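Just so you know, these numbers use all the heavy atoms, side chains as well, and skip hydrogens, waters and symmetry mates. Numbers restart at 1 for each chain; the letters A, B, ... are given by sequence-line order, proteins then strands. Remember, it's a predicted structure, so these values are computed and weren't measured experimentally.
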Amino acid sequence: MPFTLATWNINSVRLRAGLVGHLLTEEAPDVLCLQECKSPVDKIPAETFADLGYPHLIARGQKGYNGVAILSRLPIEDLGHTDWCEMGDARHIAGRLENGVVIHNFYVPAGGDVPDPEQNPKFAHKLNFVAEMRDHFAAERPEKAILVGDLNIAPREDDVWSHKQLLKVVSHTPVETDHLAQAQEAGGWVDVTRKDIPEGQLYSWWSYRSPNWDSSDKGRRLDHVWASRDLAPAAHSSRILRAARGWEKPSDHAPVFATFDV
DNA sequence: ATGGTGGCATCGCCA
């Protein structure tokens, strides 16, 4: 049975519940993973989504910051979360569909502005977080699993508008892309988006601070869909819904889609 | 070299 999954950093699920509804109605993924919900779980407008055919919701939340959720048409079992870096942040949730597929939804710390862990504790936190992901998935190799989310790292040269100009910009520094590659390798994860779209510039985020985001196109691919090695051959038809970045009062991220035949 | 925008725990912090 094929199923389609999407991941989207929504930047406030309450403010943008209408946009979420629009995506569910127009694109109808079976599963939608959200990050930066910025809401306690009991204040997520779950009924709105249930009325649109998504009665299943698992989430972790906190007031104002972070927050991850999985909306699903299909029943999903809450597998809990890991408290990465023991910060108590709502940055991860895992669930299992009835077909046995496990979904990990991550919101990796952005890391602040200065790409030096000695000078900037937020950058140190980001590197530690990704190192813990590496250790976690090295200890327990994922099978029949999908990892999605805003990983806040654009790994490839063609995942940013200018490789050269972003080498010292947080999200594309070598130490970050090395850390991400190690986490990916430790779990045997396959980058599904790049498996399906191997060539060319590809972005999922455009800063709010750039007024002409579309024409200047200074984007980065910060949002990812990975599959465990056994599941990767089932993946196809990835796409990024760039148009969503141009919707009324948009998130600064566009949703990333992948379809799996499982 | 700087500042640009947006959300919220809103006058400072996060992205």
Side-chain angles (χ1 to χ4, degrees), chain A residues 7-23 33-45 48 59-69 83-85 87-93 105-117 119-130 148-155 159-162 164-173 176 179-180 203-224 240 242-256:
Chain A
T7 179
W8 195 12
N9 178 318
I10 192 60
N11 188 18
S12 175
V13 71
R14 281 182 282 174
L15 190 70
R16 289 186 238 283
L19 293 191
V20 173
H22 190 248
L23 186 87
C33 298
L34 298 172
Q35 303 87 34
E36 277 208 271
C37 296
K38 295 186 172 177
S39 172
V41 173
D42 60 7
K43 298 233 168 95
I44 295 174
T48 305
R60 295 290 175 271
Q62 59 192 103
K63 256 196 240 173
Y65 298 118
N66 306 323
V68 287
D83 185 13
W84 309 87
C85 302
M87 305 273 288
D89 284 347
R91 293 184 178 274
H92 172 240
I93 187 166
N105 181 12
F106 277 94
Y107 175 48
V108 170
D113 288 328
V114 180
D116 176 359
Q119 250 181 282
N120 172 11
K122 289 186 208 165
F123 194 72
H125 178 213
K126 182 179 198 175
L127 296 181
N128 290 337
F129 191 106
V130 178
V148 306
D150 178 2
L151 305 185
N152 266 314
I153 297 172
D159 290 336
V160 293
W161 64 275
S162 167
K164 230 175 151 176
Q165 289 183 75
L166 287 175
L167 271 171
K168 291 182 177 164
V169 174
V170 171
S171 73
H172 192 61
T173 64
E176 290 170 87
H179 271 63
L180 193 68
Y203 315 136
S204 65
W205 174 88
W206 296 261
S207 172
Y208 283 128
R209 297 176 195 180
S210 160
N212 306 308
W213 71 272
D214 197 18
S215 53
S216 59
D217 202 19
K218 294 186 172 177
R220 307 177 201 170
R221 188 171 70 101
L222 304 179
D223 303 277
H224 298 267
I240 296 180
R242 182 185 174 111
R245 180 62 179 79
W247 290 350
E248 186 88 16
K249 285 267 255 163
S251 166
D252 45 355
H253 294 252
V256 182

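The shortest distance between the side-chain N/O atoms of A:Lys249 and the OP1/OP2 oxygens of B:dG7 is below 4.0 Å. Residue A:Ser207 places no side-chain N or O under 4.0 Å from the OP1 or OP2 atom of B:dA15. Contact check, A:Arg209 against B:dT2: no side-chain N or O comes under 4.0 Å of OP1 or OP2.
Ring-plane geometry between A:Trp247 and A:Trp8 is classed as perpendicular, the angle between the planes exceeding 60 degrees on a 0 to 90 degree scale with a lower cut at 30.
Across B:dA9 and B:dC14, the matching C1' atoms stand 11 Å from one another, rounded to whole Å. If you take atom P in B:dC8 and the same atom in B:dG3, they sit 26 Å apart, rounded to whole Å.
Whole-Å rounding puts the A:Asn120 CG to B:dC13 C1' distance at 14 Å. Distance A:Asn11 CG to B:dG7 P: 6 Å, rounded to the nearest Å.
Salt-bridge annotation for A:Asp113 and A:Lys122: absent, with no side-chain N of the basic residue lying under 4.0 Å from a carboxylate O of the acidic one. For the pair A:Arg91 and A:Asp150, the salt-bridge criterion is not met [side-chain N within less than 4.0 Å of a carboxylate O].
Considering only side-chain atoms of A:Arg14, the nucleotide from B:dA15, B:dG7, B:dA9 that sits closest is B:dA9. Candidate nucleotides B:dG7, B:dA9, B:dC14 were compared by shortest atom distance to the side chain of A:Lys122, and B:dC14 ranks first. Here the nucleotide nearest the side chain of A:Arg91, chosen from B:dA15, B:dA9, B:dG7, is B:dA15.
Residue A:Leu15 is the one, among A:Gly111 and A:Leu15, whose nearest nucleotide of DNA chain B lies closer to the 5' end (criterion: closest heavy atom). Map A:Tyr208 and A:Asp150 each onto its nearest nucleotide of DNA chain B; the residue landing nearer the 5' end is A:Tyr208.
The closest side-chain heavy-atom distance from A:Val169 to A:His172 is not below 4.5 Å.
Scanning atom types as modelled, one donor and one acceptor separated by under 3.5 angstrom connect the side chain of A:Tyr65 and the base of B:dA9.
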